[in-house]
Structures are given as C-alpha cells and as structure tokens.
Amino acid sequence: MTPGTRSAVLGRRGGVDPNVAEQLGFTVHDVVQDLRRDVATATLPLPIDGADEAEASRERLLAQLDEHLLPRLAELSSPAVVVLAGSTGAGKSTLFNSLLREEVSEAGVLRPTTREPVVGVHPRDVDTLTPGPVTELARLVKHEGVQRGTALMDAPDLDSFLSENRSTAHQLLEAADLWLFVTTAARYGDALPWQALDRARERGASVAMVLNRVPRENLTTIRADLNTRLKERGMKDVPLFIVPDVGPHEGLLDHRLVEPIQRWLGLMAGPERSRTIILRTLKGALGALPDWVMGLVSAVEQQGTAAFDLRNAVQAVVPDAQLAARTAVLSGAAGEGTVAARFAELASTRNIARVTVREGVTRTTKRAGKAREAALELLREEIEAAAARAVVAAGVRTEESLRSVLSGPGAPPAGELLLDSDPERAAERLARGQETAGEWCRLGDELVGKLDVAAAESPDFDAEDRAAGARKAFGDRGLATLLLGTALGNEDCARLVDRVLGEITGDQIESLRDDLADKVALAVAEEARSVQSALDVPALADDAAAPLRVRLAELRRLT
C-alpha cells in the first residue's frame with residue numbers, strides 16, 4: 001500500500017506538528033507544484049548582466065520540476081485508495097455518504113443501487129491521483145469531506161446479479177490500497193465476506209471491517225463472535241467498526257456513529273505516514289531546490305533593482321523638460337512664425353485689423369463683423385496648429401533627453417530597451433497634440449462666452465460697451481481667435497485685442513497662456529510615462545520575488 005501524504009509540516013526540530021498540518025493541509029507535492037507555477041511566472045525581461053545565465057537556470061529548474069520531481073512526487077503523494085466493498089444491501093452507499101456528510105452516492109432499496117462507482121477525493125489531492133482503474137471506472141467527486149491523502153470509493157456489490165458490476169467491483173478491489181469491507185449483523189457469517197477477506201490477506205492488502213446494522217441488544221455477542229472468527233483466520237489485527245441498527249432509515253447516519261471510522265481514516269492519511277514519504281523524497285532532488293530557487297530570487301530582485309534605477313532615470317528628466325516646455329510657451333515663441341505670417345496676410349488682404357474705435361468702443365457694421373469672423377478662421381487654424389506643434393515639440397524634446405540619459409555615457413543597464421523605435425509613438429504624439437490644441441482653443445471660445453461677466457466686473461465704466469463692440473466687430477469665434485493668438489504670444493493679435501478691449505481680458509488671457517503651459521508640461525509627463533510603461537509588468541514589480549521567497553521558506557522547512 002502507498003500511504004497518502006495528507007498534511008505534513010516538519011517542525012523546527014524535524015518533527016511533525018499535527019496542528020499546523022491540519023490547518024495548512026499541504027503536502028510536499030503542493031509546495032513543489034506551487035513552486036513550479038511561480039518559477040514559470042518569474043520572467044526576466046531586462047537584458048542586464050547575468051540575465052541570460054539566470055534564464056537558462058530557470059529553464060533547467062522548470063525541466064527538473066516537470067520531468068522528474070513533480071511526476072515522482074505525484075506518484076508518492078497519490079492518495080491511498082480506500083474501497084468500501086461488500087455484498088448487496090450492506091449499506092455501503094449510506095456509509096459512504098455519511099462519512100462525507102453529503103448524499104453523493106445514490107443509496108436506496110433498489111438493488112443493486114450502486115451501478116456507477118463513485119470516488120471522493122479532496123480537491124487538493126485531485127492532481128496527485130494516479131491514473132488507473134480508479135480514475136477510469138469511477139465517477140470522480142471533489143469533496144472537502146474526504147480526508148487528505150485518501151480517495152474514498154463506493155464500489156458496486158461483490159455479489160451483484162449484474163456481471164459487469166461484479167467485474168468492476170473486483171477490479172477496484174485489486175487497485176485499492178485499503179479495503180473497508182462492509183457487511184451486516186445478519187450476513188457476516190455468509191461465505192462471501194470471508195472469501196473477500198481471505199483474498200485480501202493473500203494479496204497483502206490492508207483491511208478494515210464494518211459490521212453494519214447490529215441490534216443493540218446483540219451487539220456484545222456479535223462483536224465477540226466476529227472477533228473470534230477473525231482470530232481463527234489469522235486476522236486478529238483487522239480494525240473492526242460496529243454501526244448499531246437505527247431501524248428504518250433514509251439519508252445520512254448520525255455523525256457520531258461514523259466518527260470512529262473517520263478518525264481511523266484520518267490516521268491512515270496522517271502526518272506520521274506523510275513524514276515517511278516526505279523525508280524519503282527530500283533526500284535527493286528536493287535538497288537541491290533551495291539553492292536553485294535562491295539563485296532565481298536573486299535574479300528577479302536584480303531585475304527589480306534595474307527597473308527601479310530606470311524609473312528614476314526617466315523621472316529625473318521630467319522636471320527640466322517640463323520647465324523648458326513651459327518656458328517655450330510663456331515666452332510667446334509659438335505666436336510668431338507662421339501665426340504672425342498668417343495675421344499679416346489677413347490684415348493686408350481681408351482688412352481684419354481695420355476697425356474704427358471711438359471713445360474706446362469699436363464701431364462697425366454687423367456685415368463687416370461676419371466677414372472678419374470668417375476671415376479669422378484661417379488664423380484660428382494656424383493658431384491651433386501652432387499649439388499642437390508646441391505640445392508635440394515638448395514630447396520630442398523629452399524623448400531626446402531620455403535617449404541621452406538612457407543610452408549615453410553612464411546610462412543605467414537595459415536603458416536601450418526602453419528606447420526601441422515605435423512607429424506608432426510619433427503618430428500617437430501628433431494625435432495627442434492635435435487633441436490638446438483643440439481643447440485649448442475651446443477654452444478661448446468659453447472665455448468669449450463669459451466676456452459679459454468679465455466686463456461687468458471690470459472697473460472701467462465703458463467695459464460692457466467695449467465688450468459688445470468687439471464681439472460685433474469680429475464675431476464670438478473671431479474674437480476668441482484673437483484672444484488665443486494673444487495668449488500664444490502673437491504681438492499683432494495682442495495689439496488688436498488691447499485696442500478693442502483694453503484691460504478687460506488681461507487675466508483671462510494669462511489664464512489661457514498658463515493653461516497651454518500646463519498642457520505641454522503634461523505632454524512631457526506623458527512622454528516619460530509611455531517610456532516607463534515598458535517597466536509596468538509584474539516581473540518588475542517591487543514584490544516580484546515575494547512568491548518565490550514564500551516557496552523558498554516552505555522548501556527550507558521541508559528539507
């Protein structure tokens with residue numbers, strides 16, 4: 001019989017602590033299986049010194065676990081198969097269900113009830129169940145009520161009138177590690193029980209006997225008689241369990257009636273038996289695992305350190321890059337060049353700046369105002385494009401700074417990895433710049449929409465008239481374009497706005513300029529984030545080595 005490795009935890013002095021074992025319920029196979037999962041997860045993405053050697057070692061460790069250790073442990077840790085066998089009507093299915101505290105196997109008066117064998121296995125033992133007749137002939141049920149280290153099976157009747165049932169029952173008995181033979185007070189003297197017990201003794205199988213439905217008034221007499229028969233056959237050490245007769249009954253037996261059997265099954269799969277297997281297994285392959293795992297832990301932590309240095313190197317670029325980007329916007333450089341050229345063109349061909357201002361108020365016709373508004377659309381397009389270029393330029397300059405820091409002299413290891421050319425990055429940067437510029441221009445429209453409020457709050461007595469005159473002269477959208485051009489730094493727009501509005505919008509224009517400066521600063525941060533995103537993987541997290549350290553601690557406790 002191969003004993004199960006139910007729950008075993010070696011104490012500090014090499015002994016087994018059953019209380020801890022019962023709480024944790026883990027086996028050597030569980031530990032190594034968890035280790036295999038964590039080793040497979042522990043990738044080494046950064047090409048730093050020693051990474052290739054560590055990856056090769058990781059692959060060898062996986063091969064060792066997959067090809068040798070796990071199959072070996074699965075065989076050693078396979079649960080002991082306990083078959084409930086017996087004759088028709090012995091109450092095997094009721095006993096089976098009562099041990100699990102749930103009606104899993106069909107029980108009833110129809111004979112034979114058990115047409116399909118049922119094997120109950122603890123969920124954590126399923127992966128270690130050795131393939132064979134048990135897995136091929138029986139319906140597998142994962143159940144917490146099964147003792148760790150055992151597989152409890154309800155087999156067909158040995159004397160079933162269906163030949164296929166009898167054949168299956170005998171096959172399962174041959175595959176069993178332990179026979180839990182169930183008979184009744186009325187039938188224990190029949191030939192079948194003793195033939196089965198003789199067969200078990202010849203095979204060397206471990207056997208226990210359950211005498212079911214024993215009348216309480218005859219319990220002492222029947223137990224004595226049965227013990228005498230067992231001694232006569234040289235089976236005095238066979239455990240004998242008596243289940244009293246409870247009369248007509250459906251469903252589960254009272255748990256107190258099956259507790260002795262439960263305790264015995266627990267002993268059969270208990271820590272001391274598990275310890276034997278654990279100690280035998282750990283002598284070889286397991287003993288080498290801690291050093292392998294420690295090497296992998298070191299490699300994973302080196303990856304994390306390298307990633308930390310890379311993140312810091314990237315982040316160190318951001319403050320200076322943001323300052324440069326903000327300064328470029330606040331200096332007004334974006335308002336010159338193409339924006340200035342477009343204003344000059346419209347001023348000469350469309351007379352956008354030719355307005356009459358009397359006593360501070362712009363005088364014009366509604367028709368002329370609409371014409372100027374339409375003409376200013378071309379300037380607005382140029383302003384929006386210039387704002388987009390400012391955002392894109394901030395990203396490009398940041399990328400250049402990052403490239404210098406990550407690939408130049410003194411660059412941190414694996415910095416080049418973050419600089420892999422990405423054909424989509426330029427397109428994303430351009431799209432982000434256009435979207436940002438569009439949002440910024442809409443702020444100019446909102447500013448004009450609130451111009452009446454700003455004028456009403458102005459100390460200038462004619463502020464409201466000036467605001468109304470300016471809106472009429474350029475239209476709301478045209479006036480917003482001039483405000484945007486002023487915020488961008490175009491002097492022509494600034495002079496025209498000052499002429500028609502005076503100081504009414506001074507604070508709002510400063511706010512527009514600051515908002516664009518904030519947006520280019522955000523573009524710098526986004527550029528850094530997009531570079532750092534290559535480091536945002538679980539393998540480079542601060543606690544990436546934690547699962548392996550847990551497995552290492554478990555291995556050291558077991559070795």
Would you sort out whether Val210 and Ile242 count as a side chain to side chain contact (heavy atoms under 4.5 Å, CB included), showing the intermediate values? CA-CA 6 Å; Val210 178; Ile242 305 293; over 6 Å; no
How many angstroms lie between [atom1] in [X] and [atom2] in [Y], if you round to the nearest 0.5 Å?
{"X": "Arg551", "Y": "Asp38", "atom1": "CZ", "atom2": "CG", "answer": "4.5 Å"}
{"X": "Glu53", "Y": "Leu44", "atom1": "CD", "atom2": "CG", "answer": "11.0 Å"}
{"X": "Phe241", "Y": "Gln262", "atom1": "CZ", "atom2": "CD", "answer": "10.5 Å"}
{"X": "Ser57", "Y": "Glu59", "atom1": "OG", "atom2": "CD", "answer": "10.0 Å"}
{"X": "Leu240", "Y": "Phe181", "atom1": "CG", "atom2": "CZ", "answer": "12.5 Å"}
{"X": "Leu65", "Y": "Leu61", "atom1": "CG", "atom2": "CG", "answer": "4.5 Å"}

Can you name the nearest heavy-atom pair linking [X] to [Y], along with the distance?
{"X": "Ala528", "Y": "Leu402", "value": "CA-CD1, 4.3 Å"}
{"X": "Arg58", "Y": "Ala42", "value": "CD-O, 3.1 Å"}
{"X": "Ala534", "Y": "Val537", "value": "O-CG1, 4.1 Å"}
{"X": "Val182", "Y": "Leu95", "value": "CG2-CD2, 3.9 Å"}
{"X": "Asp125", "Y": "Gly149", "value": "OD2-N, 2.6 Å"}
{"X": "Arg139", "Y": "Val104", "value": "NH2-O, 3.3 Å"}

Please step through side chain to side chain donor-acceptor pair (under 3.5 Å) for the pair His143 and Glu102, ending with a clear verdict. CA-CA 9 Å; His143 203 285; Glu102 182 180 350; 2.7 Å; yes
Is [X] salt-bridged to [Y], going by a charged N under 4.0 Å from an acidic O?
{"X": "Arg432", "Y": "Glu527", "result": "yes"}
{"X": "Arg148", "Y": "Asp30", "result": "yes"}
{"X": "Lys92", "Y": "Asp154", "result": "no"}
{"X": "Arg124", "Y": "Glu144", "result": "no"}

With sequence neighbours excluded, tell me which residues meet side chain to side chain donor-acceptor pair (under 3.5 Å) with Asp518. Arg326
Residues two or more places apart in sequence or in another chain: which of them pass side chain to side chain donor-acceptor pair (under 3.5 Å) with Asp127? Gln33
Side-chain heavy-atom pair [X], [Y] within 4.5 angstrom cut-off:
{"X": "Leu252", "Y": "Ser98", "value": "yes"}
{"X": "Leu211", "Y": "Thr183", "value": "yes"}
{"X": "Trp292", "Y": "Leu552", "value": "no"}
{"X": "Asp49", "Y": "Gln302", "value": "no"}
{"X": "Asp245", "Y": "Val214", "value": "no"}
{"X": "Leu152", "Y": "Val83", "value": "no"}
{"X": "Glu526", "Y": "Arg429", "value": "no"}
{"X": "Leu140", "Y": "Thr135", "value": "no"}

Can you establish whether the number of heavy atoms outside Asp536 located under 6.0 Å from its atom CG is more than 12? yes
Test side chain to side chain contact (heavy atoms under 4.5 Å, CB included) applied to Met294 and Arg556, step by step: CA-CA 11 Å; Met294 191 63 239; Arg556 283 174 172 165; 4.1 Å; yes
Side chain to side chain contact (heavy atoms under 4.5 Å, CB included) between Leu230 and Trp194: does it pass, once the steps are laid out? CA-CA 9 Å; Leu230 288 170; Trp194 300 104; 3.8 Å; yes
Test log, rule salt bridge (charged side-chain N to carboxylate O under 4.0 Å, His left out), inputs Arg549 and Glu301: CA-CA 11 Å; Arg549 284 199 172 276; Glu301 290 180 341; 2.9 Å; yes
Under the side chain to side chain contact (heavy atoms under 4.5 Å, CB included) rule, what do Met209 and Leu226 come out as? Steps first, then yes or no, please. CA-CA 10 Å; Met209 196 167 188; Leu226 186 51; 4.1 Å; yes
Would you say the side-chain atoms of [X] pair up with the backbone N or O of [Y], donor to acceptor, closer than 3.5 Å?
{"X": "Gln322", "Y": "Ala521", "answer": "yes"}
{"X": "Thr150", "Y": "Gln147", "answer": "yes"}
{"X": "Asp225", "Y": "Thr221", "answer": "no"}

Go through it in stages, so that I can follow the logic: the residues are Thr184 and Asn212, the test is side chain to side chain donor-acceptor pair (under 3.5 Å), and I'd like the CA-CA distance, side-chain angles, deciding distance and then a yes or no. CA-CA 5 Å; Thr184 64; Asn212 197 13; over 6 Å; no
Validation: residues 307-315 side-chain donor-acceptor distances under 3.5 Å, sequence neighbours left out:
residue : atom : partner : partner atom : Å
Arg311  : NH2  : Leu535  : O            : 3.1
Arg311  : NH2  : Leu540  : O            : 3.3

